[in-house]
Amino acid sequence: MSISTENPMQALAASMTPKFAVSYLRVSTRGQAERGGGADEGFSIPAQREANKKKALSMGAMVGKEFVDRGASAKSADRPELQKMLEYVKENADRVDYVIVHKVDRLARNRGDDIDIMRTLRECGIQLVSASESIDDTPAGMLLHGIMSSIAEFYSQNLANEVKKGLYEKVKHGGTAHKAPIGYLNIRRIDEKGREERTVVVDEERAPLIKLAFEEFATGNWTVSDLADYLAARGLTTRATPKMPSVPINKKYLNSILNNPYYKGVVVYKDVDYMGSHTPLVSADLWQQVQDVLASHINGERTREHPHFLKGSLYCRNCGSRMIITYARSKSGVRYPYFVCAGRHSKRKRDCNQKAVLISEVEEQVNLIYARYSLPANQCVALEEHLKNTVKVEKKRYMSELDGLRREKNTIERQRKKLLDAHYNDAIPLDLLKSEQKRLAKQLAAIDHEINAYEAIFTSALEKLEEAIEIVKDCGVAYKLAPDSIKRIMNCAIFSKLWVEPNGEITAEFKQPFSTLVDATEGAAGQSDKEETRDVIQTFTDFFSAIQNRISNFFGQGLNNDFLVGDRGVEPLTSSTSKTRSSQLS
């Protein structure tokens with residue numbers, strides 16, 4: 001603001017009036033803003049404030065306005081307090097004389113942003129002042145400003161590159177490059193040489209509930225919302241932060257937990273998977289089961305209106321429709337549950353005259369079906385011995401295949417290591433690394449699944465076999481004592497359909513292999529115990545041999561020219577369709 005020199009008294013008054021200065025302060029991290037110093041300002045902010053005030057006094061100026069960015073990087077000019085300061089100086093250009101910073105890099109560490117900020121200040125006639133650097137509007141001062149700004153930009157970019165290298169090296173060796181999710185804790189330890197080590201440990205309070213979340217959801221009996229409410233009632237809460245208190249988890253939070261591969265031991269960094277050194281809370285198989293259940297819920301989750309373990313297995317013999325549940329109320333107000341034909345109930349099958357049947361009566365009849373097909377004790381003993389010998393023979397045969405899978409796994413792991421080494425040495429770009437990592441990860445997952453399947457089968461096969469034999473000794477008792485969820489699984493696995501006959505009787509249509517076994521036991525009726533047992537065992541042997549032959553034919557001859565489709569294609573010619581079908585039927 002120019003002052004006329006024609007009035008000496010006015011010029012004297014102007015020279016005695018303090019200049020108006022705006023002070024801008026900034027720290028890069030929130031830790032610097034909150035660690036020590038009092039008043040939640042750390043040590044750096046008060047130090048910058050004091051230096052700026054001293055600089056203003058030395059220039060005969062007074063700091064009339066202050067702007068502070070706490071925990072904001074100077075890589076970008078999109079900082080709230082910086083933008084407020086620029087708006088303020090534009091609106092008060094006639095009052096503000098100086099903008100004071102502790103150092104030029106507090107204002108910007110990007111040369112382009114520095115130029116834009118300086119252009120704004122010059123247009124408003126305001127001078128930038130550094131409390132610790134000799135910059136001004138002289139050519140020498142402007143040169144020094146440009147040099148300091150370039151140095152600040154170089155420092156920022158070089159620091160970012162060094163941080164990226166450090167993070168890559170950390171995840172390469174199994175470290176966690178981000179804040180660990182709920183169920184883990186980030187801790188700092190000092191080793192015997194006084195060096196700081198940042199690592200991740202299991203949160204003993206929340207980890208058991210995280211495991212429970214995966215185990216329960218893998219059963220398929222929960223929606224995410226219901227399971228979140230259940231876990232919240234069990235005490236699973238989020239971690240408290242300086243600004244947010246700990247609260248019970250909700251559906252959205254639980255969904256992010258169930259989708260996070262960190263819990264199976266995988267660290268994802270820059271869309272690339274790395275094997276972490278932290279303790280996995282769940283196995284890879286359990287994590288995949290949860291992903292499959294989540295995928296099955298992709299169209300939304302809903303709770304059944306009338307859930308029952310027989311719902312979905314019962315069909316009407318008259319019209320073939322499913323049987324659904326409805327309730328009838330007596331005059332006294334008591335509600336009775338019934339299975340009714342869905343076709344008749346909705347009037348889609350007007351000619352169906354299937355009567356409703358009490359649910360309790362249906363349950364009792366299904367119990368009798370299970371009891372009817374129990375194996376006698378002598379057949380169970382012989383069958384158990386036969387199957388144990390079969391398991392031992394199969395184990396020997398598959399051990400050589402298992403060794404081959406392990407060698408293939410070692411080869412792929414060496415390829416992954418070479419791939420990472422090549423990327424760290426700038427031999428391959430990041431996009432190629434990602435695609436190759438995904439390809440190798442899929443191969444490893446498939447091999448791990450096969451290895452785990454082999455080991456799981458032959459480790460627990462004999463134990464499961466003994467348990468199964470105990471169950472079939474008296475299927476009726478086993479079914480009757482099972483919880484509803486297990487009854488539903490048994491019904492879906494054993495029966496193709498349970499028919500409700502016109503007279504209310506329940507008849508069973510078995511799935512394989514149970515239909516074959518039922519036919520064998522019924523066909524052996526009237527024979528001697530020895531002959532009957534031999535026939536049942538032979539039925540088991542024939543059935544499993546047929547399965548093995550199908551698998552061998554598919555994998556062993558699937559690429560044989562004799563089994564491939566001819567040049568004409570899969571579909572026969574339209575004119576020959578009926579002739580082909582008739583010849584096949586004859």
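Along the sequence shown, residues carry numbers from 1. Just so it is clear, the values below take in all heavy atoms, side chains as well, and ignore hydrogens, waters and symmetry mates.
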Separation between CG of Asn410 and CD1 of Ile412, rounded to the nearest 0.5 Å: 9.5 Å
Is there a donor-acceptor pair closer than 3.5 Å between any side-chain N or O of Arg239 and the backbone N or O of Pro181? yes
Would the distance check show the side chain of Arg317 and the main-chain N or O of Gly504 forming a donor-acceptor pair, the cut-off being under 3.5 Å? no
Examine distances only and state if a side-chain atom of Ser246 and a backbone atom of Thr238 form a donor-acceptor pair shorter than 3.5 Å. yes
Given side-chain contact (heavy atoms from CB on, under 4.5 Å), test Leu258 with Tyr263 step by step and report yes or no. CA-CA 9 Å; Leu258 297 176; Tyr263 294 106; over 6 Å; no
Got Phe309 and Ile486 here, is their nearest side-chain heavy-atom distance under 4.5 Å? no
Side-chain touch Val366/Tyr479, heavy atoms, less than 4.5 angstrom: yes
Mind checking the OG1-CD spacing from Thr507 to Glu501? Nearest 0.5 Å is all I need. 3.5 Å
Taking the side chain as every heavy atom from C-beta outward, state whether Phe217 and Leu286 have any atom pair closer than 4.5 Å. no
Can you give me the closest heavy-atom contact between Tyr184 and Ala180, atom names plus distance? CB-CB, 3.7 Å
Using a 4.5 Å cut-off on heavy atoms from C-beta on, say whether the side chain of Leu236 contacts that of Leu212. no
Can we call the ring centroids of Tyr327 and Tyr336 under 6.0 Å apart? no
Per side-chain contact (heavy atoms from CB on, under 4.5 Å), Ile249 is matched among Leu254, Asn255, Asp229 by Leu254
Nearest heavy-atom pair of Val340 and Ala356: which atoms, and what distance? CG1-CB, 3.5 Å
State, yes or no, whether a side-chain contact exists between Asp484 and Lys487 at a heavy-atom distance under 4.5 Å. yes
In the structure I gave you, are the side-chain heavy atoms of Leu185 and Val200 within less than 4.5 Å of one another anywhere? no
Heavy-atom closest pair (Val282 atom, Lys211 atom, distance to 0.1 Å) is CG1-CA, 4.5 Å
Of all the heavy-atom pairs spanning Gly235 and Leu209, show the shortest one and how long it is. C-CD1, 3.9 Å
Any donor-acceptor pair under 3.5 Å linking the side chain of Trp287 with the backbone of Asn260? yes
Is there a side-chain contact between Leu310 and Ile359 in this structure, where contact means two heavy atoms from C-beta onward sitting under 4.5 Å apart? no
Does Cys352 form a side-chain contact (heavy atoms from CB on, under 4.5 Å) with Ser321? I'd like the steps, not just the answer. CA-CA 10 Å; Cys352 181; Ser321 301; over 6 Å; no
So, Asp292 and Gln288: side-chain donor and acceptor under 3.5 Å apart, yes or no? yes
Mind running side-chain contact (heavy atoms from CB on, under 4.5 Å) on Val500 and Val362 for me, showing each step along the way? CA-CA 9 Å; Val500 180; Val362 176; 5.6 Å; no
Is the side chain of His278 donor-acceptor paired with the backbone N or O of Tyr262 at a distance under 3.5 Å, no angle test? yes
Note: Glu436-Arg439 ion pair, threshold 4.0 Å (strictly below): yes
Please check this pair: side chain of Gln354 against backbone of Cys341, looking for a donor-acceptor N/O pair closer than 3.5 Å. no
Please report the shortest heavy-atom distance between Arg322 and Gly312, naming the atom on each side. NH1-O, 2.9 Å
Rounded distance (nearest 0.5 Å) linking atom NZ of Lys511 with atom CZ of Phe495: 10.5 Å
Any chance you could measure Tyr253, atom OH, to Ile182, atom CD1, to the nearest 0.5 Å? 4.5 Å
Is there a donor-acceptor pair closer than 3.5 Å between any side-chain N or O of Arg488 and the backbone N or O of His308? yes
4.5 Å side-chain heavy-atom contact, Asp203 and Ile210: no
For Thr219, the side chain to side chain contact (heavy atoms under 4.5 Å, CB included) test, sequence neighbours excluded, returns Asn221, Trp222
For Met490 and Tyr370, run side-chain contact (heavy atoms from CB on, under 4.5 Å): C-alpha distance rounded to whole Å, both residues' side-chain angles, the deciding distance at 0.1 Å, then the answer. CA-CA 10 Å; Met490 293 176 67; Tyr370 276 95; 3.6 Å; yes
Should we say atom NZ of Lys480 is surrounded by more than 12 heavy atoms from elsewhere, each under 6.0 Å from it? no
What heavy-atom pair brings Ala213 and Leu227 nearest, and what distance separates the two atoms? O-CD2, 3.5 Å
Give, for atom CE of Met323 and atom NE2 of His345, the distance between the pair rounded to the nearest 0.5 Å. 11.5 Å
Looking at OG1 of Thr326 and CZ of Phe339, how far apart are the two atoms once the value is rounded to the nearest 0.5 Å? 11.5 Å
Are any side-chain N or O atoms of Arg416 and backbone N or O atoms of Gln437, one a donor and one an acceptor, separated by less than 3.5 Å? no
